[in-house]
Undergrad: 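The structure is given below, and queries will be raised subsequently.
Counting starts at 1 for both ligands and their atoms, in listed order. When reading the values below, keep in mind they use all heavy atoms of this one structure, side chains included, and skip hydrogens, waters and symmetry mates. These figures come from a predicted structure and were not determined experimentally.
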Amino acid sequence: MKILHIDSSVTGEKSVSRPLTKEAVAKLKAIHPDAEVVYRDLVKEPLRHYNAVLRMFGADIPNATPEQKEELETGKTILAEVQAAEVIVVGAPMYNFGIPSQLKAWIDLIAVPGVTFRYSSAGPEGLLGGRKVIVISSRGGAYGPGSPFEPADFQEKYLKTVFGFLGITDVEIIRAEGIGGGPERAAEAIAGAKKEIEKLS
Ligand SMILES: Cc1cc2nc3c(=O)[nH]c(=O)nc-3n(C[C@H](O)[C@H](O)[C@H](O)COP(=O)(O)O)c2cc1C
């Protein structure tokens, strides 16, 4: 089994999501001792924003500069990591109602027309099915069903939508929310997420 472990929090030692992704991967490793883990820290090693060169993914670009070639190689590596993984653990804090731009840059590299999704007369078809994504969601406020801020959730809903579009319908969200509500509330939220991690199989 191959596990891809992604972190995208910029808050370093104070991060809520980073220790939780670590714990989730450790739990999976405990259950599947033979699992191979590939780790990507999208903050330590940021990816370039999607651009005209990356748009040429898979095409032969004879005049590519060494920098452009390197960029394309990175894109291929990122895609290969996702294609090889059976489980992807994604640390996804909410920043400004969405996901960190570092994580968006990663998604832009894995959403490749003709490779991870395609359009046909039957509509869009995701080509990354058969794998599971575990999203570790951390956020300052609360956006649950019925809460006044529910419509402002462009983080979890976006991730479910984009992974679903790519064919990954098995998306489990483990959430620590209300982190901005004081230390007690934060501790409670983190403990709740840890309980969910304990249930991973
Ligand atoms: C740049 C930034 C933007 C944030 N924007 C939001 C937001 O829009 N909504 C929210 O509920 N919390 C917001 N927060 C709070 C974070 O979601 C919360 O602190 C969470 O724990 C972040 O995950 P991390 O600790 O792993 O970085 C923001 C935090 C930062 C640093």
Undergrad: Restricting to side chain to side chain donor-acceptor pair (under 3.5 Å), what partner residues turn up for Q155, sequence neighbours left out?
TA: S137, R139
Undergrad: Contact between V82 and L166 at the side-chain level, heavy atoms closer than 4.5 Å - yes or no?
TA: no
Undergrad: What pairs with K194 under salt bridge (charged side-chain N to carboxylate O under 4.0 Å, His left out), at least two apart in sequence or on another chain?
TA: E23
Undergrad: Heavy atoms under 4.0 Å from ligand 1: which residues qualify?
TA: S9, T11, S15, V16, S17, P93, M94, Y95, N96, F97, S138, R139, G140, G141, Y143, I179
Undergrad: Do any pairs count as a salt bridge (charged side-chain N to carboxylate O under 4.0 Å, His left out) and have a residue in residues 99-110, sequence neighbours left out, and if so which ones?
TA: K104-D108
Undergrad: For the atom pair CD (E86) and CD1 (I3), what is the distance rounded to the nearest 0.5 Å?
TA: 9.0 Å
Undergrad: Tell me whether the count of non-hydrogen atoms from other residues, nucleotides or ligands lying under 6.0 Å of NZ in K160 goes above 12.
TA: no
